[in-house]
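The structure appears right after this line, and notes come after that.
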Amino acid sequence: MKFLYEIFDIVIEDVDDSIKEYRLKYLDSISYHWVEKIENIDCKSRVDVESYLLTAGFYLSVMYVLSSFDMHYENIINYKRYPVIIDFETLSMQIKHQSSDNVYVDYKGLSESIFNTAFIPFISDNIVFDFNISGILSDKANSKTVESIIYTLEQDYKIKEHKINELTDIGNPLFLNGENILDDIVSLNEIYYFLSQGFIQGCNSIIKNKELLFRVIEKNENNRELKFRQILRPTQVYYKFLEYLDKPSSLVSEREKQVVLSVLNKNFNPSSFGYLRVNKEIEDLNNGSIPSFYSLINDRHLYSNNSVICRNYFSTILSKRIKDKIHKLSFNDIEYQLNLLKLSMCILTKEKNFGKTIRIKHENYNNLKTLEIVNYMISKYIEES
């Protein structure tokens, strides 16, 4: 938390006054941590909504250069005109160890982009989530992949298992006086405009203040209390294992429990690190806990519960990785990420508007490259939505 706020302190100095933060009050200690309780409260005016979106764009710029991830709807609270981050564990994603010594990172892949933050609308094509889990712009959604298991006691006294698809309760849609702004209260064009302006201002400030940011990072290089959680499997996967381990058949049979846990081993492809990581996962799940792994800022090891699980597990030292991404940030990178932000806005399109014909009117249409045509179409679509 303190590390992120130190970054914000520098970047916010060179942005517009309309970008406002709300910072959680907290008490930090070695053995415990107290944080202010905060609840969802609606925006009261369109000016509040605009300020919220500008600040969200500003946050997105910092998340981008830190390679933040997992900033989804459960980790952000919409408090008046402020998006408030309440979970600071996943500030920086590490890169897993590669077989090649020459690992080149151009930060153009989706795993390095603003999409990977989960802060903006994005739907994954994997089997874990099939709905928009954005930290700032999401809503209730029916999922075909996320299931709940319930048990009933039948008349013959046998327990029957039922699987149901969930209506996922997204806890923090952005409301303006009780109305969700995605219900045609604020246009996609307006949402994109204010998010992009906050993002541009934040990135420009980062470029201007690179050296000051490097000092903050270097100051924290020996801070072993600064831990960055690394999600090696989606938490939802661990949750499903715990759900099965809590079934009556697993509770009464150790053999059944081991059969469930053996699935992890069977579906794990060991690298040069062998089964060290998966063995730790099985140990934690067997104890009824969600496995939790993390990295420190000044080495390449994978940790859990204050112990090294795999030495030199990651490709680079995290402090070097963050500094490199900040150093390479350019105006071309900003434009590239803004194109992704436009795509993100398309995810918010209501079904009734989806597939609407877009007329392309451009004087140099015949000379446009394919990517330019797509970008033009996206821009026009957002304007008309």
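The structure displayed is predicted, hence computed values, not measured ones.
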Donor-acceptor pair between Ser67 and Lys325 side chains, under 3.5 angstrom: yes
What's the verdict on side-chain contact (heavy atoms from CB on, under 4.5 Å) for Val84 and Ile76, showing C-alpha distance, side-chain angles and the deciding distance? CA-CA 6 Å; Val84 182; Ile76 309 295; 5.9 Å; no
Yes or no on side-chain contact (heavy atoms from CB on, under 4.5 Å) for Arg311 and Arg300, after CA distance, side-chain angles and deciding distance? CA-CA 7 Å; Arg311 301 187 67 83; Arg300 296 164 50 198; over 6 Å; no
Please determine, by modelled atom types, if Arg224 and Tyr303 share a side-chain donor-acceptor pair under 3.5 angstrom. yes
Report, as yes or no, whether the 6.0 Å neighbourhood of atom NZ on Lys227 holds more than 12 heavy atoms from other residues, nucleotides or ligands. yes
What's the verdict on side-chain contact (heavy atoms from CB on, under 4.5 Å) for Ile7 and Val65, showing C-alpha distance, side-chain angles and the deciding distance? CA-CA 11 Å; Ile7 298 290; Val65 294; over 6 Å; no
More than 12 heavy atoms of other groups within 6.0 Å of Arg23 CZ: yes
Got a salt bridge between Lys2 and Asp9, using NZ or NE/NH1/NH2 to carboxylate O under 4.0 Å? no
Between the side chains of Gln197 and Asp16, is a donor N or O closer than 3.5 angstrom to an acceptor N or O? no
So, taking the atom named SG in Cys203 and the one named CG in Leu329, what distance separates them when rounded to the nearest 0.5 Å? 5.0 Å
Restricting to non-hydrogen atoms, name the atom on Ile297 and the atom on Asn220 that form the minimum distance, rounded to 0.1 Å. CG2-O, 3.3 Å
If you measure from OH on Tyr239 to CG on Leu242, what distance do you get to the nearest 0.5 Å? 9.0 Å
Is it true that Phe115 and Phe122 have ring centroids separated by less than 6.0 Å? yes
Hydrophobic cluster membership, Ile231 vs Phe241, 4.5 Å side-chain cutoff: no
If hydrophobic clusters are built by linking Ile, Leu, Val, Met, Phe, Trp and Tyr wherever their side-chain heavy atoms come under 4.5 Å apart, do Ile114 and Phe69 end up in the same one? no
Looking only at side-chain N and O atoms, does Tyr294 offer a donor or acceptor that is under 3.5 Å from a partner on Gln94? no
Using side-chain heavy atoms (C-beta onward) and a distance below 4.5 Å, is Pro83 in contact with Tyr52? yes
Non-hydrogen side-chain atoms of Thr90 and Ser68 separated by less than 4.5 Å: no
To the nearest 0.5 Å, atom CD of Glu281 lies from atom CD1 of Ile309 at 10.5 Å
With no hydrogens and no angle check, just 3.5 Å: does a side-chain donor-acceptor pair link Asp333 and Ser330? yes
Considering all heavy atoms of both residues, which atom of Leu182 and which atom of Ser138 are nearest to each other, and what is their separation? CD1-N, 4.4 Å
Side chain proximity check, Leu264 to Phe268, heavy atoms < 4.5 angstrom: no
Determine the minimum heavy-atom distance between Asn132 and Pro121, stating which atoms define it. OD1-CA, 3.3 Å
Does this structure show an ion pair linking Glu218 with Arg215, if we count only N-O contacts that are shorter than 4.0 Å? no
Measure the spacing between CD1 of Ile207 and NZ of Lys210 and express it to the nearest 0.5 Å. 6.0 Å
Show the nearest heavy-atom pair for residues Ile10 and Ser205, with the distance to one decimal. O-OG, 4.1 Å
Is the shortest side-chain heavy-atom distance between Asn180 and Phe175 below 4.5 Å? yes
Using a 4.5 Å cut-off on heavy atoms from C-beta on, say whether the side chain of Val49 contacts that of Ile185. no
Can we call the ring centroids of Phe293 and Tyr313 under 6.0 Å apart? no
Asn209 and Asp14 side chains, donor-acceptor separation under 3.5 Å: yes
So Ile347 and Leu137, do their side chains get closer than 4.5 Å, heavy atoms only? no
Give, for atom CD1 of Ile19 and atom CD1 of Ile12, the distance between the pair rounded to the nearest 0.5 Å. 7.0 Å
At their closest point, which heavy atom of Ala56 faces which heavy atom of Leu195, and how far apart are they? CB-CD2, 3.8 Å
Taking side chain as C-beta onward, heavy atoms only, is Leu302 less than 4.5 Å from Leu232? yes
Using a strict threshold of under 4.0 Å (side-chain N to carboxylate O), is an ion pair present between Glu21 and Arg81? no
Consider only side-chain N and O atoms of Tyr275 and Asn265, and report whether a donor and an acceptor are under 3.5 Å apart. no
For the hydrophobic clusters of this structure (ILVMFWY residues joined by side-chain heavy atoms under 4.5 Å, transitively), does one cluster hold both Leu343 and Met345? yes
Check whether more than 12 heavy atoms from other residues, nucleotides or ligands sit under 6.0 Å from atom OH of Tyr22, and answer yes or no. yes
Same cluster or not: are Tyr59 and Met93 linked, directly or through other Ile, Leu, Val, Met, Phe, Trp or Tyr residues, by side-chain heavy atoms under 4.5 angstrom apart? no
Is it the case that one hydrophobic cluster holds both Val278 and Val260, taking links as side-chain heavy atoms less than 4.5 Å apart, direct or via other members? yes
Measuring only between side-chain heavy atoms, which start at C-beta, is Met1 closer than 4.5 Å to His33? yes
dist His72:NE2 -> Ile120:CD1 (nearest 0.5 Å) comes out at 15.0 Å
Which residue is it: Ser295, Ser92, Ser292? I am looking for the one with a side chain to side chain donor-acceptor pair (under 3.5 Å) to Gln230. Ser295
Look at Asp324 together with Lys320 and state whether they make a salt bridge at an N to O cut-off of under 4.0 Å. no
Whether over 12 other heavy atoms sit under 6.0 Å from Asn287 CG: yes
I'd like to know whether Asp284 forms a side-chain contact (heavy atoms from CB on, under 4.5 Å) with Asn305, so could you lay out the CA-CA distance, the side-chain angles of the two residues, the decisive distance to 0.1 Å, and finally the verdict. CA-CA 10 Å; Asp284 288 348; Asn305 296 330; 4.3 Å; yes
Between the side chains of Glu39 and Lys37, is the shortest nitrogen-to-carboxylate-oxygen separation below 4.0 Å, so that they form an ion pair? yes
Looking at Glu335, I want to see if its CD is surrounded by more than 12 non-hydrogen atoms of other residues, nucleotides or ligands under 6.0 Å. no
Examine Phe58 together with Phe8 and report whether their ring centres are nearer than 6.0 Å. yes
More than 12 heavy atoms of other residues, nucleotides or ligands under 6.0 Å from CD of Glu254: yes or no? yes
Residue pair Thr55 / Ser18: nearest heavy atoms and the distance that separates them: OG1-O, 4.5 Å
